[in-house]
Number of protein chains: 2
Amino acid sequence: MAPKRVTVVGSGNWGMAIATIIATNTERHPEFEKDLTVWMFDEEIEHKGVKRKLSVHFNETKENVKYLPGVTLPRHVIAEPDIKKAVGNADILIWVLPHQFVPKTIENMGPVKEGAVSVSLIKGGLELEGGKLGLCSDLLRKLLKHEVAVLMGANVANEVAAGQFCEATLGCKSAEHQGTLCKLFDCLSFRVNAVDDIPGVELCGALKNVVALGAGFCDGLDYGGNTKAALIRIGLQEMKIFIRHFYPDAKDSTFLESCGVADLITTCFGGRNRKCAEAFVRSRGSKSWDQIEKDLLGGQKLQGTLTAQEIWPVMKAHGLCQKLPLFTTIYEIAFNGKAPWGIVKLPQGMPASAFAVDDGFFDKK
Amino acid sequence: MAPKRVTVVGSGNWGMAIATIIATNTERHPEFEKDLTVWMFDEEIEHKGVKRKLSVHFNETKENVKYLPGVTLPRHVIAEPDIKKAVGNADILIWVLPHQFVPKTIENMGPVKEGAVSVSLIKGGLELEGGKLGLCSDLLRKLLKHEVAVLMGANVANEVAAGQFCEATLGCKSAEHQGTLCKLFDCLSFRVNAVDDIPGVELCGALKNVVALGAGFCDGLDYGGNTKAALIRIGLQEMKIFIRHFYPDAKDSTFLESCGVADLITTCFGGRNRKCAEAFVRSRGSKSWDQIEKDLLGGQKLQGTLTAQEIWPVMKAHGLCQKLPLFTTIYEIAFNGKAPWGIVKLPQGMPASAFAVDDGFFDKK
């Protein structure tokens, strides 16, 4: 069988970091074509006084000076600014774009190879269509008409690029593709485990950013470790209640994979959503989310507020607000002027426990 | 029915903190005698130039200046230095001593009331007797000959004393006692959930300190959030494998209670074991654990190293070392001179996942 060609669609911080991992694997496994293509949006940059295209600079230096400065990628990572050329020959497409850019990109890119598969690394992008919750991987599947897997986990991009040990979870239905895709991502410093619960994996990746806002509110109020740990625990419970409402088959074990508890921990302690939510509380209402994002994230986007806004109509339409007092309170603090200390005074009182009934958290419907 | 008398056996940092919680409940619930007795070991202290007994000073000022300075307890909390008097009339005994003091204290205290119950808040104190793992609550049950429950959770003492919101887990077999004991501990800022899995609750409380050593090694090596989250996740998995080996009936849900994932998070980010393990790595072998404990903990004890030493012969006797590569590596770094970065290079490679098989983490034997 011909070696499979791989293209990373997107060249932001996380796109570049995952390209460093994938490139080591396309080099050592004969199943893959060694050269790794990265679709790089053709923007003009100025670096050390010289103005030129980001992709031109990258292909000469192998450094993405805008999104992952300081890291030199292997020589066989090649930036391609033409989306049609970048994806036309690919057997495996790795999606690492902000979700709002997905439809336009697919519209511009033309046909893909017969039998190609995609992996979505996009966290977020939920919508309610015909009363049903739609995932970003659903949208990709619909538009691309081929199999779409997801990859999520506790994967802060700069740490991954620096080669620090971490884990990730691949959500993929087909056992055959699971094997190939694990090989594409898994290495000694980036351990990948495959499960077949795509919605569980993908929704953990999106919803954890909402919980992280709550963690940031805690930090902004100078609450200690006890309170934050309780909030993270309740957050995990509400993620499960939300996911199970729409996907009753979501697996118990998914919540304990890297995409679940591990990503939640990383995000609630180190993430940008936590950081902005802390600033939101400390500003005492004097700064909007847009302002905070601009001040603190240097061009990156705040995801948790967006996801909170995406799930709010979904929660209302499905009568979930009462069942999700933490998510509801986080939304009200973020957008309805509720006092932040409401975070420890939930509507019906803080739920005494997620797990009142034996194995209640992990029971199956 | 006569109101129940409550005695807290132990007056260290956590003993005083939990006394502040209990005292509010003995006051508001008629089931309990309002006055709360605290057995206070009769040590001499010097406070603002005056030397006297700690209990005398406490009963006058309601402040334990040695173990919880700055917090004034309610007037109805009464220190009693005579162990016989402190426990002789009690219907409910709350145990908050270092576990090594338990046998001697019980030897000295004389008979307890018929029908009395105990709650152990003691984290640690495992032994192997006749090939079976013995818990501190087992020892109390054997010596006291009455029912013994346990209370564990993400409960840093000073934060509890300051009234910050947190949760805790009560492990208790009898439904009747569950009700009474929840009432004794539960309040708006300290939410208690009861489960009937005593060994699960108690062992989570002990083993989390071993994982915290691993987290401290990570911090000492300046690893980032991804690596630490992976380590915490694998630590939770190994806690479960260890506990299930000895108690196959340990409940799935226990690991997601406050005593499980929440206490683990708090301990791996804020605890004293984490702090000392970080210092151990940073000292590059120039300081012993005893020295680090003395330098950093101001008289408090390091629990994780003790628990690691307690479980080591247990792990060896039961052939668990291969199944618990993280626990094994933590022991070897702490006591056998293994290089700390072994923490991300476990013997058989870092386990790709805790959950390779669907629901494998929470399956029952």
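Chain identifiers are assigned alphabetically (A, B, ...) following the order of the sequence lines, protein sequences preceding nucleic acid strands; residue numbering begins at 1 within each chain.
- Residues A:Arg233 and B:Val261 approach most closely at CG-CG1, 4.0 Å, considering heavy atoms.
- Note: B:Gln164 CD to A:Cys218 SG = 9.0 Å, rounded to the nearest 0.5 Å.
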**Message:** Is there a ring-ring contact (aromatic ring centres under 6.0 Å, His included) between A:Phe165 and B:Tyr223? Walk through the geometry before answering.
**Reply:** CA-CA 8 Å; A:Phe165 176 83; B:Tyr223 292 152; 8.9 Å; no
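- Annotation: maximal heavy-atom pairing with chain A below 4.5 Å, among B:Ser189, B:Gly224, B:Gly271, occurs at B:Gly224.
- Nearest heavy atom pair, residue A:Ala229 against residue B:Ala262, reads CB-O, 3.4 Å.
- The line from CD of B:Gln237 to CD of A:Glu257 is 9.5 Å long, rounded to the nearest 0.5 Å.
- Once rounded to the nearest 0.5 Å, the distance linking CG of A:Leu256 with CG of B:Leu236 reads 6.0 Å.
- The CG atom of A:Asn226 lies 5.5 Å from the OG1 atom of B:Thr266; values are rounded to the nearest 0.5 Å.
- Here the side chain of A:Glu159 pairs a donor or acceptor atom with the backbone of B:Gly225 at under 3.5 angstrom.
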